[in-house]
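Predicted model only: the values in this text are computed from it and were never measured.
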Amino acid sequence: MSEADTCRRYIVPKLHAAGWQDDQIREQVYITDGRITPMGRSKHTRGERLKPDYILDLRPFYPIAVVEAKADYKQPGDGLQQAMEYALRLDVKFAYASNGHGIVEHDFLTGVESDLETFPTQDELWARLRGTLRLQDDKDAADALTDYYEQVGGKTPRYYQQVAINRAVEAVISGRKRILITMATGTGKTFVAFQIIWRLWQAKRRKRILYLADRNFLIDQAKDQTFSPMGDAVTKLKGRVIKSREMYFALYQALYNPGGGSLYEKYPRDFFDLIIVDECHRGSARDDSSWREILTYFNGATQIGMTATPRRVDNADTYAYFGDPIYTYSLAQGIEDGFLAPYRVQRIVTSSD
């Protein structure tokens, strides 16, 4: 019996028997696009795309387990290493392999591998995972599973975006005040910021939110496009005090006046309960930065920094202020996954000094 037969005749029925619904079982889903290899000037090929046999979702875009199937003449655990590799990439804590007759589980929470006769239920897996997330009560647990906005501009979240979003939401709910996410340029930081805000806003965990950046196009593009589902809740601060909205966008330069009487000082210190700092490596976290005064003034708010720049000497203050990243998606990983194109370094010597 082939691997496909194992899936159809054994794996899916056993998942159904454990209470997993069809909309929680994603079968043969590509999670990467395949590495791009240039061929000449205008052509390219794609490498192999990664495709787990099954991803089990607790809620939409909240995966909790991976299942790899093998033909019945193989051992149940033959696909476990592959399942574990997928699980690490997807940031899920439970990996399963099966030949249709036996089931082998790897639990990343304990490091234990077990032979099973049936798949665990979703309630069993959530109970095991929940105990590691520092969620205080049932409300915290329910809020951590608040729904995503399903499509933003026709886009659904990629696997690494789901990891960043889920980790950030869990960190905020568990009470963490300074959060850093490092994602390479072009991998969708604004999309990630929107989904974090949307879920916390829908769960009523954060009511007044400030999105900070230092360039107008970053602010305007986010406000007018990515955050358009928030409708009339959104406004941009430009020289006058507005207190009637829930989602505020602002340039640092619009909030801070080096001569005194800055706009941000006209708001109570506890006005905002969540601040997103886009491109935070540009200086907002430096001890001697005027922009840092804004973050210090609203010190009681949860502050999430987003940057494409890995830790290095000239941005050490950013990492010191926000702490180690809760998630990093690097340029190298984006290229390997095929979401970013590889680059070539071309040396140019100019005639100018």
On a heavy-atom basis, the closest approach of Ile179 and Ala171 is CD1-CB, 3.8 Å
Any ion pair linking Arg130 and Asp138 (charged N to carboxylate O, less than 4.0 Å)?
yes
Aromatic ring proximity Phe339/Tyr160, centre distance under 6.0 Å:
yes
Electrostatic pair Asp143:Arg205 at N-O distance under 4.0 angstrom
yes
Under 4.5 Å between any side-chain heavy atoms of Val277 and Tyr252, yes or no?
yes
Check: Arg59/Asn166 side-chain N/O donor and acceptor closer than 3.5 Å
no
Report the C-alpha distance between Tyr96 and Tyr54 in whole Å, list the side-chain angles of each, state the deciding distance to 0.1 Å, and finish with yes or no for ring-ring contact (aromatic ring centres under 6.0 Å, His included).
CA-CA 10 Å; Tyr96 298 91; Tyr54 295 100; over 10 Å; no
Hey, what's the ring geometry for Phe271 with Tyr248, parallel, tilted or perpendicular (30° and 60° as the breaks)?
perpendicular
Decide if atom NZ of Lys177 counts as having more than 12 heavy atoms of other residues, nucleotides or ligands within a radius under 6.0 Å.
yes
So does Arg128 pair up with Glu105, basic N to acidic O under 4.0 Å?
yes
Decide whether Tyr159 and Asp337 meet the rule of one side-chain donor and one side-chain acceptor closer than 3.5 Å.
yes
Any side-chain heavy-atom pair from Leu218 and Glu279 closer than 4.5 angstrom?
yes
Could you check whether Thr302 and Arg206, counting side-chain N and O atoms only, form a donor-acceptor pair closer than 3.5 Å?
yes
Hey, are the side chains of Val163 and Arg158 touching, using non-hydrogen atoms and a 4.5 Å cut-off?
no
Less than 4.0 Å between a side-chain N and a carboxylate O, is that true for Glu336 and Arg35?
yes
Would you kindly confirm whether Val241 and Leu210 end up in one hydrophobic cluster when ILVMFWY residues are joined by side chain heavy atoms under 4.5 Å apart?
yes
Going by the angle between their ring planes, with limits at 30° and 60°, are His106 and Phe108 parallel, tilted or perpendicular?
perpendicular
Hey, are the side chains of Thr226 and Gln221 touching, using non-hydrogen atoms and a 4.5 Å cut-off?
no
Would you say that Ile276 contacts Phe194 through its side chain, given a criterion of any heavy-atom pair below 4.5 Å between the two side chains?
no
Check Arg199 with Asp147, please: is the shortest side-chain N to carboxylate O separation under 4.0 Å?
no
Once you round to the nearest 0.5 Å, how far does CG of Leu90 lie from CD1 of Ile55?
5.0 Å
Thr118 to Ile103 - nearest heavy-atom pair and separation:
C-CD1, 3.7 Å
Side-chain touch Leu255/Leu237, heavy atoms, less than 4.5 angstrom
yes
Val92 vs Leu88 side-chain heavy atoms within contact, under 4.5 Å
no
Per the ring-ring contact (aromatic ring centres under 6.0 Å, His included) rule, which among Phe227, Phe61, Trp198, Trp201 passes with Tyr149?
Trp198
Donor on one side chain, acceptor on other, Asp278 and Tyr211, under 3.5 Å
yes
If the test is side chain to side chain contact (heavy atoms under 4.5 Å, CB included), which one of Asp33, Val29, Thr32 qualifies with Leu50?
Thr32
Verify the distance criterion only: is there a donor paired with an acceptor across the side chains of Gln28 and Asp53 at less than 3.5 Å?
yes
Between Phe191 and Lys155, the two heavy atoms sitting closest are CE1-O, 3.8 Å
Between the side chains of Gln122 and Trp20, is a donor N or O closer than 3.5 angstrom to an acceptor N or O?
no
Side chains of Gln195 and Tyr148: any donor to acceptor distance under 3.5 Å?
no
Considering all heavy atoms, the nearest Pro120-Ala18 contact:
O-CB, 3.9 Å
